[in-house]
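Note sheet for the following structure.
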Amino acid sequence: MQPTNATGVPDFLERMRETLPEGRVPAKIFNDPNVYALERERVFSRAWAFLAHESEIPHPGDYVLRWITDNSVIVIRDEHGQIHAHLNRCTHRGNQVCKAEMGNASHFRCSYHGWTFKNTGELMGVPYYREVYKESLNRSEWGLRAVRVETYAGLVFGTLDPDAETLQEYLGGFQFYLDFFLKPGPGGTEVYGPPERWIADADWKICAENFGGDGYHTPVTHQFGFHLGFYPSSGTTHFMGYAVHMPGRGHTIGIGHTPGLPPFSGFPQEVVDGMHATLSPEQIAVFKDARMAVGTVFPNLSFLTQPFSLTPKQTGVKFCTMRLWHPRGPGQIEMFSWCLVPKDAPQSVKDELYRVYNLAFGPAGTFEQDDFENWTNLSRQNGGSTAADFDLAYFQGLDWEPLQDFPGPGHAFTPYVTEIGFRNLWGTWLNYMLTPVGQQVDRSRVPPAFHPVDAKGQP
Amino acid sequence: MEGSRQPGTPPAVGHTYVPIPIRMSIEDFLYYEAGVLDDQAYEAWLELFTEDMRYEVPVRVTRERNAEWDVSPTARIIHDSKDMLRVRISRLKTEYAWAEDPPSRTRHFLSNVQVLPGENDGEYQVRYNLLIYRSRGELPRYDLLSGKRRDVLRETPDGWRIASREVILDQSVLAVHNLSFFL
Ligand code: FES
Ligand SMILES: [Fe+2]
């Protein structure tokens with residue numbers, strides 16, 4: 001599908017500014033060509049986009065091809081070990097210089113007229129340089145266009161916005177929660193093989209929201225798991241735990257608890273030891289009782305750690321999946337799904353974690369199948385002509401009080417099942433959408449996601 | 001399984017790999033099996049596998065011609081034992097397999113069958129092309145997946161049984177919203 005340019009801000013987005021704080025979201029945001037065009041222009045051109053995990057390109061010259069919306073990006077490690085990202089577009093006529101999704105290269109030679117670029121992006125070779133350019137071409141100005149890159153705990157992010165705040169600022173304290181997924185030991189994590197990739201007619205936002213901590217769907221969408229005896233949790237306690245969000249930034253996480261589970265249950269002993277070595281006492285306090293955790297980095301990168309086993313009624317192990325909900329067009333995504341494993345773990349542990357991940361996630365995963373059934377149907381329904389005037393119910397937790405003595409940053413609530421984080425997620429998104437390119441995204445304009453009622457019952 | 005570049009080295013041309021009656025009986029079995037699967041008779045289908053079976057769908061990637069592999073040696077979309085296949089089938093029988101309710105309608109088309117002697121007595125390697133059509137609901141769109149199967153069939157007192165199946169799909173980015181049907 002060819003995206004068009006944004007033709008202005010749809011009325012239902014203006015209305016959403018008023019209705020979101022009251023817990024109403026226009027259905028149309030989940031599948032609309034103009035919304036997609038605006039996202040391309042105002043969200044994905046300014047946010048930090050996830051590109052790759054460092055372990056995907058461990059050696060000099062290793063590269064992977066990734067996307068920032070519809071821009072192909074080469075993510076590559078140079079001879080000195082430094083990671084670069086370049087637009088995959090020859091500066092001569094724009095031909096695609098790299099066509100493989102992964103590999104190793106010291107140079108890229110364009111197949112059209114033969115301009116040759118070093119893996120650092122520099123333009124090195126121009127055929128008939130002297131004869132046809134006669135000094136008029138300054139090679140140093142015509143390297144591959146660099147994308148600004150920063151990393152956190154093995155994650156490589158890029159942004160198209162040269163004025164963007166640093167990645168550390170952008171994550172804004174959410175690192176505290178990401179560490180649970182990314183620091184299972186001093187060596188951190190690595191990917192287990194290349195990502196699984198597939199296309200679905202689903203809007204990226206519903207996926208990002210779901211993995212922002214939609215514990216509400218689990219006992220229904222994934223009822224088969226309870227039914228066959230896969231979970232160390234029952235429907236009656238499933239809502240327990242914490243929901244945390246970073247106000248104005250969109251990052252959100254759900255942390256599910258099951259009463260009576262031993263601390264860090266389901267992790268191999270090596271990983272438990274590793275977490276004790278790398279996590280702070282505050283992080284341990286937040287995560288030791290977590291049965292599972294699921295979170296989204298704004299806009300479209302998510303993580304999930306949960307226990308699962310190859311057959312029902314086993315204790316199971318806790319795997320970690322990282323996923324990118326890459327927007328391909330209005331109401332369409334390309335999925336990237338990785339399994340992250342602790343780098344320091346023995347190979348047998350990595351193999352087991354991957355196999356369990358695989359039964360649950362990826363296109364054939366027993367969880368993922370049902371999620372995509374819902375997300376594709378929902379996206380189709382929300383593309384309908386009545387969806388612009390149709391508000392969806394986002395009321396959960398509107399009047400909740402944040403926890404006062406929670407050890408982690410952000411606003412934390414209990415229990416885990418609530419929609420507070422989603423109001424912050426869509427408030428953050430709306431703030432980008434309503435801020436024209438060229439103006440600074442002012443995070444203080446994101447409305448609070450909750451309105452506690454005081455003792456007299458007054459908001 | 002070794003990672004591999006497809007299509008690997010072809011077997012020698014003009015060689016009759018196994019006696020014709022065996023080859024025909026294997027083809028008969030594979031067509032029967034495809035029919036059982038398309039008829040959604042999953043329990044009967046499960047019976048057509050040996051207890052020690054494995055069922056693997058490796059991740060495929062797009063790489064340069066000279067790359068060492070383009071079918072991942074480690075990453076799998078599906079990596080099932082018979083117990084795991086049993087889980088998938090018992091899942092379909094619950095009321096909560098939303099992805100397959102109403103069920104997908106599939107057709108498995110098999111062609112270009114090559115039968116080769118197996119590594120053990122009574123076993124044969126079978127390589128053939130696979131085309132799967134899938135229709136869901138009332139949508140006019142459909143999924144079409146092509147690939148290659150590499151099976152090991154074993155002779156048992158009950159007839160042929162599948163001891164291993166590897167399905168190598170041709171797309172590196174799959175144009176399907178899920179693989180809730182069997183490949
Ligand atoms: S387009 Fe690349 S060299 Fe001309
Ligand atoms: Fe889910």
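Residue numbers begin at 1 in each chain, while the letters A, B, ... track the order of the sequences.
Under the side chain to side chain contact (heavy atoms under 4.5 Å, CB included) rule, B:V173 has a single partner from A:M335, A:E334, A:R328, A:E196, which is A:E334.
In this structure, A:D370 contributes its side chain and B:W98 its backbone to a donor-acceptor pair below 3.5 Å. Side-chain atoms of A:Y354 come within 3.5 Å of backbone N or O of B:R76 as a donor-acceptor pair. Remark: side-chain polar atoms of B:R88 are paired, donor with acceptor, to backbone N or O of A:A364 under 3.5 angstrom. Of the possible polar contacts, none joining the B:D83 side chain to the A:L310 backbone as a donor-acceptor pair under 3.5 Å is found.
Note on B:I78, B:L183, B:V176, B:V59: by heavy-atom pairs under 4.5 Å with chain A, the leading option is B:V176. Ranked by heavy-atom pairs shorter than 4.5 Å toward chain B, the options A:N374, A:V220, A:L65, A:D351 are led by A:V220.
Side chains of B:Q171 and A:R197: no donor on one and acceptor on the other come within 3.5 Å.
A:Q332 places none of its side-chain heavy atoms less than 4.5 Å from the side chain of B:H177. Two residues are said to be in side-chain contact when any heavy atoms from C-beta on lie closer than 4.5 Å; A:W198 and B:L179 fail this criterion.
Smallest separation of non-hydrogen atoms from B:S72 and A:P194: OG-CD, 3.8 Å. Taking both residues in full, the closest heavy atoms of B:S90 and A:L228 are given as OG-CD1, 4.0 Å, listed atom of the first, atom of the second, then distance. The two atoms that bring A:F224 and B:Y96 nearest to each other are N-CB, 3.7 Å, heavy atoms only. Contact between B:E64 and A:A100 at its shortest, heavy atoms only, is N-CB, 3.7 Å.
A salt bridge links A:E373 with B:R136: the distance from a Lys NZ or Arg NE/NH1/NH2 to an Asp or Glu carboxylate oxygen falls below 4.0 Å. In summary, A:R355 and B:D80 do not engage in a salt bridge, as defined by a charged side-chain N under 4.0 Å from a carboxylate O.
Rounding to the nearest 0.5 Å places OH of A:Y357 at 14.5 Å from NE2 of B:H79.
For B:R141, the part sitting under 4.5 Å from any heavy atom of chain A is the side chain, from C-beta outward, and nothing else. Contact of B:V61 with chain A is made through backbone and side chain together, with heavy-atom distances under 4.5 Å.
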For this session: List the steps, then state whether side-chain contact (heavy atoms from CB on, under 4.5 Å) holds for B:N178 with A:E368.
Result: CA-CA 8 Å; B:N178 64 18; A:E368 195 111 63; over 6 Å; no
